[in-house]
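Remarks on the structure that follows.
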Amino acid sequence: MTRKPDLVTWEGWFALDVPRGWHWEETDGIISVYNPEGAGALHFSCLYREGCDEPDLDEVKDMAQRFTDEQGWDVPAEDIHVRTLDGTPVVEMELVTPSPEPEYWQVWHLIDRTRAILATYVCDAGDEEEERTVREKLMSSFRWDRSHVQ
């Protein structure tokens, strides 16, 4: 028997199909989605954009580049992937941090007319394949909460 995921909506922001057995919580404005038995966690930081222009691919690429620069990460342009998700641009990248205890990061930047979301998945380097299929399905289920009015 296959267990269906639960549709979880963060009002005014977005909804995800969260797998059964996964938990979610909001602490200090950060939404975390994770399997208590898993390797890592997804974190969502949400903010309002200035203006209400239609987002374009260059804007979301610029957001991603600023984020990598702020982190001190050298991410080659060919490792930054652009696509659309729920009709809006998203940038995705993966990297392993060069530190004494390396971490694997998968990062998404999503924007619509009035909102922007930074989503990250972080785990110990070497454990990144453990939840890859589940987190890719989870992120593919992303949809903006259209009841949002700004």
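- Atoms CD1 and CG, from Ile111 and Leu118 in turn, are 12.5 Å apart once rounded to the nearest 0.5 Å.
- Salt-bridge annotation for Lys137 and Asp17: absent, with no side-chain N of the basic residue lying under 4.0 Å from a carboxylate O of the acidic one.
- The backbone N or O of Val8 lies less than 3.5 Å from no partner atom in the side chain of Asp6, so there is not a single donor-acceptor pair.
- Linking Ile, Leu, Val, Met, Phe, Trp and Tyr residues whenever their side-chain heavy atoms come within less than 4.5 Å leaves Met63 and Trp108 in two separate clusters.
- With hydrogens and angles ignored, the 3.5 Å screen pairs a side-chain donor or acceptor of Arg143 with a backbone N or O of Ser141.
- Taken from CZ in Phe14 to CG in Leu85, the straight-line distance is 11.5 Å, to the nearest 0.5 Å.
- The closest donor-acceptor contact from the side chain of Glu131 to the backbone of Gly40 lies under 3.5 Å.
- With no hydrogens or angles considered, a side-chain donor-acceptor pair links Glu92 and Gln106 at under 3.5 Å.
- Between Arg146 and Asp86 a salt bridge is recorded (basic side-chain N to carboxylate O distance below 4.0 Å).
- Although no hydrogens or angles enter the test, the distance criterion places no donor-acceptor pair under 3.5 Å between the side chain of Thr68 and the main chain of Val75.
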- Task: Go through Glu103 and Val96 one step at a time and tell me if the side chain to side chain contact (heavy atoms under 4.5 Å, CB included) criterion holds.
- Result: CA-CA 5 Å; Glu103 291 179 317; Val96 174; over 6 Å; no
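- Residues Met139 and Val91 do not share a hydrophobic cluster, clusters being chains of Ile/Leu/Val/Met/Phe/Trp/Tyr side chains in contact below 4.5 Å.
- In summary, of the residues considered (Leu42, Leu16, Val18), a side chain to side chain contact (heavy atoms under 4.5 Å, CB included) with Trp24 occurs for Val18 alone.
- Side-chain polar atoms of Thr133 and Glu136 form no donor-acceptor pair below 3.5 angstrom.
- Judged by distance alone, with hydrogens and angles left aside, the side-chain atoms of Arg49 form a donor-acceptor pair with the main-chain N or O of Arg113 at under 3.5 Å.
- Between Tyr48 and Trp13, the ring center distance clears the sub-6.0 Å criterion.
- With hydrophobic clusters built from ILVMFWY side chains whose heavy atoms lie under 4.5 angstrom apart, Val122 shares a cluster with Met93.
- Put simply, the side chain of Val90 does not reach to within 4.5 Å of the side chain of Thr84, judged on heavy atoms.
- Annotation: the span from Arg66 atom CZ to Glu70 atom CD amounts to 7.5 Å, rounded to 0.5 Å.
- Separating the CG atom in Leu95 from the CD1 atom in Ile80 is a distance of 9.5 Å, to the nearest 0.5 Å.
- Taken to the nearest 0.5 Å, the CZ atom of Arg132 stands 9.0 Å off from the OH atom of Tyr121.
- For Leu57 against Pro89, the heavy-atom pair with the smallest separation is CD2-CB, 3.4 Å.
- Ser32 pairs by the side-chain contact (heavy atoms from CB on, under 4.5 Å) definition with Glu25, Ile30, Tyr34, His43, not counting sequence neighbours.
- Classification of Asp112 and Arg115 as a salt-bridged pair holds, one side-chain N sitting under 4.0 Å from a carboxylate O.
- Counting non-hydrogen atoms of other residues, nucleotides and ligands closer than 6.0 Å to CD of Glu129 gives a total above 12.
- Going from atom OG1 of Thr120 over to atom CD1 of Ile117 covers 12.0 Å, rounded to the nearest 0.5 Å.
- With hydrophobic clusters built from ILVMFWY side chains whose heavy atoms lie under 4.5 angstrom apart, Val60 does not share a cluster with Phe142.
- The stretch residues 55-100 participates, sequence neighbours left out, in these ring pair (Phe, Tyr, Trp, His ring centres under 6.0 Å) pairs: Phe67-Trp73, Phe67-His109, Trp73-Trp105.
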